[in-house]
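Working notes, structure below.
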2 protein chains.
Amino acid sequence: MARSPTSQRLAETAIRLFNERGYDETTVDDIAARAGVSRSTFFRYYRSKEEVIFPDHDALLAKVEARLRASTADTAIVAICDAVRIVLAHYVEDAEVSLRRYRLVGRVPALRHREIASVARYQRLFREYVGDWLAGTPDAALRAELMASSVVAAHNQVLRGWLRAGGSYDPFEPLDHALQYVIRTFRHLENLEGPGDDQVVVAAFPRSASPDDVMDAIRAHLGSRQ
Amino acid sequence: MARSPTSQRLAETAIRLFNERGYDETTVDDIAARAGVSRSTFFRYYRSKEEVIFPDHDALLAKVEARLRASTADTAIVAICDAVRIVLAHYVEDAEVSLRRYRLVGRVPALRHREIASVARYQRLFREYVGDWLAGTPDAALRAELMASSVVAAHNQVLRGWLRAGGSYDPFEPLDHALQYVIRTFRHLENLEGPGDDQVVVAAFPRSASPDDVMDAIRAHLGSRQ
DNA sequence: GAATGCTGTGAGACTCAGTATCGTACGCTT
DNA sequence: AAGCGTACGATACTGAGTCTCACAGCATTC
């Protein structure tokens, strides 16, 4: 599935021209001519002028889906975090391309729409996965939607920050930091099944409760565990 | 700002034709001819063929923004919930149109993309608002993103459910239910400023911690409050 | 009441994305 | 060398969206 040299050449030519003259000012004819092929050939490799900017979203989407499928309910959160890392890694691998695309997309509304649409596909994927995971629990669909949107939002926030900074640092640490928020939100939304592996949320009390009230209640509760 | 009769007529004709023949099979010429005007006139009222389906998103967006601006930090959550209700109300008011559009959008990828793009504008609006609200606190941008995405996700989930059901019930109750989740998530994400009004989340511990460890830690922490 | 200007409309030409078809040259097999 | 499949080029076509110009209606003004 290695990309053909012609396809590669077309993509590079296109991006160069888009940056030189602007997206709207560059016609498909220009790209094809400069790449030394015919217009027909361009449309053979890319279904549209926009697609030349977003080549392998399908492949990436498939990778994400594969990672999610390769998990059981116990490891759902791990699978989700892994999947998000896969996506971010994809951008980081081709930092050069990602950055050029980022600048381009920021300037061209049509491309921005396209990008947003492709993000929606990831969100949908996560939503379906989480929906299956939560199936049967109350408000499963709603919570799946919220969880999926959080995952995607966290990823996008980290990615955008990294891109804005010109890809000048390792974004996986911020990603894990962001995912901590998401995981806590998950736990929170998931609270029917109790807390997770390494943390036990102990209690919540009316603010009016005195420290002694709190201590008493906790002592009583812990008593049943000893 | 009442819509002109010609514009109205064009929109109605377009939707009827889209439903009869399909979106791609209907040309702008068809619409204009059937509405009794020229092609030029169509493009005077709508900048594109897609736009005839999504007429007043701009106005709605402005309403939402106005509602958000008309609030101080204290009432941020209230403002956000209100804003979401405004959006849902807009769909419910024109239930007939909303339903027709929903069915259409479900079948035509180009329209779906357009819809998704417009949703992103709402999310951006909420993100900026929440970002201002949280400005100066740690991870403000990240938490703003998460909160905004939750708000939008909740709304969309409720709206989609209502549309799928053919608009056969009052969606504001489910909306409030969904917003409860969102609000709790907010509180959770907001915990730097302390928890909400009536709850105090006390602590989280490694599951391996013995009850005594827990008690000691809590006692030490509460000590500083007495 | 004619000249003036503004506004909405129609007509037509033009660009360009995207589709479909056909012919052909090249490389590979047997 | 004959046959075959694949990739490419050439060409024509549809339809969206832009632009320009001409004209008609309608008000104002002197």
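Computed over heavy atoms, backbone and side chain alike; hydrogens, waters and symmetry mates excluded. Chain letters run A, B, ... following the sequence lines, proteins first, then strands; residues in each count from 1.
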Does atom CD of Glu25(A) have more than 12 heavy-atom neighbours, drawn from other residues, nucleotides or ligands, at distances under 6.0 Å?
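It does: Glu25(A) CD has more than 12 such atoms within range.
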Atom CZ of Arg21(A) with >12 non-hydrogen neighbours under 6.0 angstrom
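Yes, because the 6.0 Å sphere around CZ of Arg21(A) holds more than 12 heavy atoms from other groups.
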Nucleotide by nucleotide, nucleotides 8-13 of chain D touches protein heavy atoms under 4.0 Å in the pattern (B base, S sugar-phosphate only, - none) BBBB--
Strictly below 4.0 Å, N to O, side chains only: are [X] and [Y] in salt-bridge contact?
| X | Y | result |
| --- | --- | --- |
| Arg100(A) | Glu96(A) | no |
| Arg121(A) | Asp58(A) | yes |
| Glu20(B) | Arg34(B) | yes |
| Arg69(A) | Glu65(A) | yes |

[atom1] of [X] versus [atom2] of [N]: gap in Å, rounded?
| X | N | atom1 | atom2 | result |
| --- | --- | --- | --- | --- |
| Glu50(B) | dA16(D) | CD | C1' | 10 Å |
| Asp29(B) | dG15(D) | CG | C1' | 8 Å |
| Asp24(B) | dT14(D) | CG | C1' | 12 Å |

From the 5' end of DNA chain C to its 3' end, which nucleotides mark the outer limits of contact with chain B, defined by a 4.0 Å heavy-atom distance cut-off (strictly under)?
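First-to-last contact on DNA chain C, by the 4.0 Å heavy-atom rule, is dT9(C) to dG12(C).
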Check for me whether the distance between the ring centres of His57(A) and Tyr122(A) falls short of 6.0 Å.
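Yes; Tyr122(A) has its ring centre under 6.0 Å from that of His57(A).
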Decide whether Tyr46(B) and Ser7(B) meet the rule of one side-chain donor and one side-chain acceptor closer than 3.5 Å.
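There is such a pair between these side chains.
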